[in-house]
Amino acid sequence: MTSNSSSCDADDPNRPDWQQYAQWDRHHVWHPFTQMQDYEPLLIESADGCVLTDVHGNQLIDGVSSVWCNVHGHRHPKINAAICEQLDKVAHVTSLGMSNPTVVKLARRLAEITPAGLEHSFFSGDGASSIEVGLKMAFQYWRQCEQPEPEKDTYIALNSAYHGDTLGSVSVGGVARFHEMFEPLLFNVLRVENPDTYRLPDGVSPDKATQYFLEKLEATLAAHHQRVAAMIVEPLVQGAAGLVMQPAGYLKGVRELTRKYNVLLIVDEVAVGFGRTGTMFACEQEDVSPDILCLAKGITGGYLAMSATIATTEIWNAFLGDGLKTLYHGHTYAGNPLAAAAALASLDIFADENTLENVAQQSQFLGEQLRSRLADHPLVGDIRQRGLIAGIELVADRKQKTRLDPKLGTGAKVCQKAREKGVWLRPLRDTLVVMPPLCITQQQIELIVTAIEYGLSQLG
Ligand SMILES: *Cc1c(COP(=O)(O)O)cnc(C)c1O
């Protein structure tokens, strides 16, 4: 452990030259989703709970859980201890041809806590990989299940879906700005409308929204189901699309329709899994069991890279038999014991600390704060929330819901200003995102909302 004092003690001759680090950061580290020409280094040296500390000793509340993955706060003693304990046994053993008790325990736990029927965990290292695996599983399943349907060679995905950045996950994704460039490399999928409760199509009232979107989906399924291997969906909230919230009953309807048309359902809980929306998994809120469930971000509490693609026994069985039936996919660090130890500790903490109880309390408080303090601001078009996921969409015209000119970078400006008040936020275009660790306190929520208020007040 490095001590903080070295970064604060100006007289220390061995004190690192952070200017130099910033320069190296700009030059040698190619940051994701970042225009490096504009990048301004922010070097975080340590963290504790929901608070990040930079190399100059400035503290920032981690308002987006280190981009949606931190669950119980940073440096949680139980997760740290679990990783250290595992490290004293073995850091990594391959999952190809052998296993490790910690990894076995995690697979067993996941089978217990995920919706009924999901029994078989295929581990990999990040969310995008878990999606690739799910897509390949579904495709191969139809070629070797008891009643094969080899003409099933495509997928249904939502219009602005985001499922990660590898080419397969980009193919099912639909965020134009992320994906346009790679169009020639992608496979075709069938698209259906975003079930967006804020921007409903003309003439669709909120109480008819679910029915409307499901009818659209059914039309696509009826026309193409013979060709569709699976539908993939982010349940309840479409994350990177801008925290688009689905109407109640939509997910349940998707499950019923995919079953009716003999199409597999892949649910991507990479962002919403592990307590984020108020239940351990978002699927639970609509009593849905998918055929394939993808988990990542929060699985290790946000400590180490790991993901899981969990399948039903029906799917698993189709892969049993001769060598040709094998799922030919794998990553070197699949099923890493250190990550599994962190994941098990994180699951224990849910029980020890009544995490879901805190999510219920704090999400209610967050909602009240956002509505009472931000709703009247002329730029705030919508405040939407599911558990500890909240989006504040800034618009040019509240009535027409007109988007702001993206070139203005309004969302980014508000977040930049929020930093002056000790809060780190990262927007999705002009939707401000509040997605703190699940251990967030009332006082910290107040500080986050104050920082947003301030950020909004500083817009010219
Ligand atoms: C972040 C995310 C992914 C991709 O996960 P990575 O670990 O970044 O590859 C996939 N799906 C959803 C819904 C996500 O939010």
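Just so you know, residue 1 is the first one in the sequence shown, and it goes up from there. Numbering of ligands and ligand atoms starts at 1, following listing order.
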Close aromatic pair by centroid cut-off 6.0 Å: His72 and Phe350 = yes

Tyr155 ring center near Phe139 ring center (under 6.0 Å) = no

Does the Asp196 side chain pair with the main chain of Leu200, one donor and one acceptor, at a distance under 3.5 Å?
-> no

With a cut-off of 6.0 Å (strictly less than), are more than 12 heavy atoms of other residues, nucleotides or ligands near CD of Glu368?
-> yes

Report all protein residues having a heavy-atom distance below 4.0 Å to some atom of ligand 1; order the list by chain, then number.
-> Trp68, Asp126, Gly127, Ala128, Tyr162, His163, Gly164, Glu234, Asp268, Val270, Ala271, Lys297

Compile the donor-acceptor pairs under 3.5 Å between side chains in residues 228-239 and protein atoms, sequence neighbours left out, one pair per line.
{"from": "Glu234", "atom 1": "OE1", "to": "Gly239", "atom 2": "N", "distance (Å)": "2.9"}
{"from": "Glu234", "atom 1": "OE2", "to": "Tyr162", "atom 2": "N", "distance (Å)": "3.0"}
{"from": "Gln238", "atom 1": "NE2", "to": "Asn194", "atom 2": "OD1", "distance (Å)": "3.4"}

Heavy-atom pair with the smallest gap, counting every atom of Ile315 and Phe319 = O-CD1, 3.1 Å

